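What follows is one structure encoded as structure tokens, with my remarks underneath.
Residue numbers count from 1 along this sequence. Note that the structure is a prediction, hence the values are computed from the model and not measured. Only heavy atoms go into these numbers, but all of them, side chains included; no hydrogens, no water, no symmetry mates.
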Amino acid sequence: MDILVSKGGATGRDNGFTPVRVAAVTGGTAMRSAGSGLTLQQRIDARSVRTTKLFGSAAVQRFLDAARALITERGSTDFTMHEVVDNAGQSLRSFYLLFDGKHELLLALYEEAIAKVAGQIREATGNDDDPLDKLRLAVELLFEFCRPDPGAHRPLFTEYAPQLLMSDPIEIQVAHASLFELLADLMRDAAAAGHLRPDTRPRRLAAMTLQTVMFVAQGARADDGSNAITAAEVWNLCAFGVLGNAEGAAETRR
């Protein structure tokens with residue numbers, strides 16, 4: 001069923017997302033999903049409740065810790081479920097009682113990482129008084145967190161996230177909910193301070209900014225370290241676009 005979710009479903013909020021075909025994700029054990037007919041916002045809310053319960057389970061945490069250790073050791077998400085089970089000191093049966101497979105394990109780790117990034121960005125922007133400075137810092141930090149960096153292995157961002165975007169773009173929107181809400185708050189504050197054009201919708205801008213920054217970050221590294229895209233360039237793109245004046249920008253909206 002096609003559901004228009006740009007109005008936020010049951011919450012009535014503008015989520016900044018376009019019409020999409022969504023599958024329900026409520027109920028079941030741990031990460032399992034069942035049911036139908038949920039809007040994107042309802043799917044996000046259901047995942048939030050389920051994730052809270054998920055990370056409160058000691059058994060689940062052992063699997064997550066084991067997988068996280070393998071990722072850190074290898075610098076990639078290339079591991080098997082048998083390796084995770086052995087490292088966790090658990091049985092394969094107990095793993096599949098909690099997760100459908102490797103995809104859901106990686107999804108749980110990715111959501112955990114996204115929530116931490118959102119928390120770190122929110123904390124870093126808390127000391128600025130100017131809403132526009134807060135938004136700029138958030139965009140630049142998000143870019144730095146997501147770009148490939150040989151000195152800081154982040155395979156959940158550089159390997160898993162692009163795969164998830166291609167295989168299930170709605171799932172990745174759900175996973176990014178905490179980051180989206182952060183940017184939406186900052187966009188709203190910037191709009192209230194008069195920094196945004198009066199005809200813009202802050203939550204839609206937040207959605208487009210989030211997708212732009214994370215996508216650009218994936219190809220930001222130059223092999224020899226030269227001419228690599230910088231965080232400042234990404235902010236300039238998000239803030240000012242590619243046109244030289246406001247009249248040109250208005251012309252393109254007609």
Side-chain angles (χ1 to χ4, degrees), residues 3 5 15-26 28 30-34 38-52 54-55 60 63-64 66-68 70-72 74-81 83-84 95-96 98-121 142-149 152-184 206-221 234:
I3 303 174
V5 298
N15 282 312
F17 298 113
T18 53
V20 292
R21 183 179 298 274
V22 299
V25 292
T26 185
M31 295 290 291
R32 297 184 189 282
S33 56
L38 296 187
T39 65
L40 179 60
Q41 184 59 47
Q42 290 170 327
R43 185 170 176 171
I44 290 171
D45 292 342
R47 171 65 62 78
S48 178
V49 171
R50 193 167 62 255
T51 300
T52 299
L54 179 70
F55 287 104
V60 168
F63 287 121
L64 295 176
R68 196 181 299 109
L70 287 169
I71 290 174
T72 301
R74 298 178 182 181
S76 76
T77 57
D78 185 17
F79 57 81
T80 68
M81 290 304 91
E83 290 173 319
V84 172
F95 174 85
Y96 283 108
L98 296 167
F99 298 94
D100 278 340
K102 182 177 180 179
H103 169 72
E104 285 192 329
L105 176 65
L106 288 173
L107 181 59
L109 288 169
Y110 182 63
E111 288 182 348
E112 178 188 53
I114 286 291
K116 287 182 178 178
V117 167
Q120 290 171 351
I121 293 176
L142 177 60
F143 173 81
E144 294 294 349
F145 275 119
C146 296
R147 71 179 179 86
D149 183 355
H153 296 296
R154 293 187 287 259
L156 288 171
F157 288 91
T158 59
E159 294 179 15
Y160 179 68
Q163 295 171 8
L164 183 61
L165 178 62
M166 296 299 295
S167 64
D168 196 340
I170 304 307
E171 191 71 78
I172 204 165
Q173 289 186 36
V174 176
H176 288 166
S178 58
L179 272 176
F180 167 70
E181 291 298 336
L182 168 62
L183 286 179
M208 290 186 286
T209 299
L210 175 61
Q211 294 176 27
T212 298
V213 174
M214 298 190 77
F215 183 82
V216 171
Q218 297 305 315
R221 187 185 69 187
V234 174

Point-to-point distance, once rounded to the nearest 0.5 Å, from [atom1] of [X] to [atom2] of [Y]:
X    : Y    : atom1 : atom2 : value
R68  : L70  : CZ    : CG    : 11.0 Å
D78  : E83  : CG    : CD    : 8.0 Å
R154 : I71  : CZ    : CD1   : 14.0 Å
L109 : F63  : CG    : CZ    : 12.5 Å
L156 : C146 : CG    : SG    : 11.5 Å
L210 : F180 : CG    : CZ    : 8.5 Å

Which heavy atom of [X] sits nearest to which heavy atom of [Y], and what is that distance?
X    : Y    : result
M208 : T212 : O-OG1, 2.8 Å
A118 : S178 : CB-OG, 3.9 Å
L182 : I121 : CD2-CG2, 3.6 Å
A175 : L107 : CB-CD1, 4.3 Å

Validation row, ring centre F157 to ring centre F145 under 6.0 Å: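 Aromatic pair excluded; centres sit 6.0 Å or further apart.
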
Note, L165 side chain near M214 side chain (heavy atom, < 4.5 Å):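 No, too far: nothing below the 4.5 Å cut-off.
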
Pi-cation contact, F95 with K102 (under 6.0 Å, within 45°):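 Pair K102/F95 does not count as cation-pi.
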
Aromatic plane relationship, Y160 with H103 - under 30° parallel, 30 to 60° tilted, over 60° perpendicular: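 Ring orientation of H103 relative to Y160: tilted.
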
Whether E159 side chain and T77 backbone form a donor-acceptor pair below 3.5 Å: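 Side chain of E159 to backbone of T77: a pair is present.
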
Step-by-step side chain to side chain contact (heavy atoms under 4.5 Å, CB included) determination, F99 to V84: CA-CA 12 Å; F99 298 94; V84 172; over 6 Å; no

